[in-house]
Amino acid sequence: MEAFLGHIKEVLNFVYHNFLNETLVVQVVWVSIVLFFFTFIISLLVVVYYKRHRKKAKKEREKILKIYQPLIIKAIAGGDKALDHINVLSNQIKKVKHKKCHRNTILSIIIKLHRSLSDDLANNLEQIYILSELNKYSLKKLKNKSWNIKIEGIRELSQMNCIQSMSKHIVKMFTSKKEVLLFELRLAFLKNRGGEALNFVNNYKNDFNEWHQIEFMEMLFNLKGPTFEYIDNWLTSQNASINLFALKIVKSYSLIDKKNQIINLVKSKNFKVRREAIRVILKFKIKDAYPALLSAYEFNDNYFEKRRLLSALKTLDFENFENYILVEQQKLNQQFRYKTITIKS
Amino acid sequence: MSEKKKIVIAEDDSSLQLLLKFRFEEEGYDVFTASDGERALELIDSKLPDLIISDIMMPIYNGLEVVNKIRSRNNNTPIIMLSNAGQEEMVLKAFHIGADDFLSKPFIINELLIRAKRILK
């Protein structure tokens, strides 16, 4: 052993002396190589540790899932004995809820099931959520500094119909500048209070983006008979994204009585609004839109938009305007030929 | 003694899948479950079920593809689709290609049982 250590010492001494005798450039290269080697080894160890940790966590989650999935299902679908099962299970969950992995896995089972079920079974899930005090953990998330954790808490409480327990935190959260967080709050209110929660749209000046529109529409579909008191304002709003949202509502809830406002949107400055308005007009076959479409066609210079408008005119009333449509179609075809010739040349 | 009716349930949410299996077995049916469209088609071919319950959004093959493939094999087994809110267009497509009934999530499980019983009568 001593001989071996002595040998290593000799090698290190040799390397050290040679290193000192080298030029600065070579020394820098050597240091870089050694640093790179150590960084590589450390990164490799971190990746291996992280992978093993994730694998272990996944295994644990699966184990917990196997235990609690059947217990939760038996408890909620237990018929007359459901209440007893719920009480026993809630006490059981209370004992393990301090363990993060247990808590998260159980919460995910309850919330996913609640999204798919209604009536008694959904009520039973809500009871488990409250009796096992998992709602307290969702409330705790609202106090977290990270907005994504706050959103998680809002989603859980809103899904489990516990939005009232959020009231203490709501005022503070509504002062947030994080638009994503505000939207999540509005969504939660929409689920809880229905169409009334859409009042914010009246004075909304920012971009109501497509993703949020889809989320709101999805939530609206879950409500029974939502009313849209202010839809006239939305259809005449100066905010194009609000016009688009209003048109989506008109299309989904067949609000054909709003045809005058829809026709007016054919003149909108925003291309997407004009396109969507034409789609709605065609869907409901609003023949009163003919003059507006005709005037839009005549004053428009964009080839593709002209095509769209002409096709709409053709669909709405071909019989009475056959000659006009055919002549214009020929003009457009010629225009297209000139365009392609110019591009090719 | 009459043979138990067979049902194939295709649903990717394991908790809902287990709940449906539990409730239908309680009602005396033989239940086979799949978490994706491909496995569902394998089960349908091997078990020859009397009823298929399929979610629309599933990995590998979605519900519409499953219905399409079943009907293209001249298999007329009744199919109940489970859809999410806002998937009305998908449901219409499903009816067009041969689905027999649909329920929108969140649904009442007893309603699904009643519909299944009515179809299996």
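Treat the numbers as computed from the prediction; the structure is a model and nothing was measured. Below, read A as the first sequence line, B as the second, and so on, with proteins coming before strands; counting in each chain starts at 1.
Per-residue counts of heavy-atom pairs under 4.5 Å with chain A were compared for B/L112, B/N110, B/I109, B/I108; the largest is that of B/I108.
Between A/F183 and A/F216, the distance from one ring center to the other falls under 6.0 angstrom.
Ion pairing between B/R115 and B/E111 holds under the 4.0 Å rule for side-chain N and carboxylate O.
At a cut-off of 3.5 Å, with distance as the only test, no side-chain donor of A/S237 or A/Y204 sits close to an acceptor on the other residue.
For residues 9-25 of chain B, heavy-atom neighbours of chain A at less than 4.5 Å comprise B/D13, B/S14, B/S15, B/L16, B/L18, B/L19, B/F22, B/R23, sorted by residue number.
Using a 4.5 Å cut-off between heavy atoms, A/L117 contacts chain B through both its backbone and its side chain. When heavy atoms are compared at a cutoff of 4.5 Å, A/L65 approaches chain B solely by way of its side chain, counted from C-beta outward.
A/H102 pairs in a side chain to side chain contact (heavy atoms under 4.5 Å, CB included) with only one of the listed residues (A/K63, A/E60, A/K95), which is A/E60. Evaluated for a side-chain hydrogen bond (donor to acceptor under 3.5 Å, both in side chains) with A/Q159, the options A/E126, A/K191, A/H114 yield exactly one hit, A/H114.
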Could you go through the side chain to side chain contact (heavy atoms under 4.5 Å, CB included) check for A/F200 and A/L182 one step at a time?
CA-CA 11 Å; A/F200 81 95; A/L182 292 175; over 6 Å; no

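Checking side-chain atoms of A/S241 against main-chain N and O of A/D207 turns up no donor-acceptor pair under 3.5 Å.
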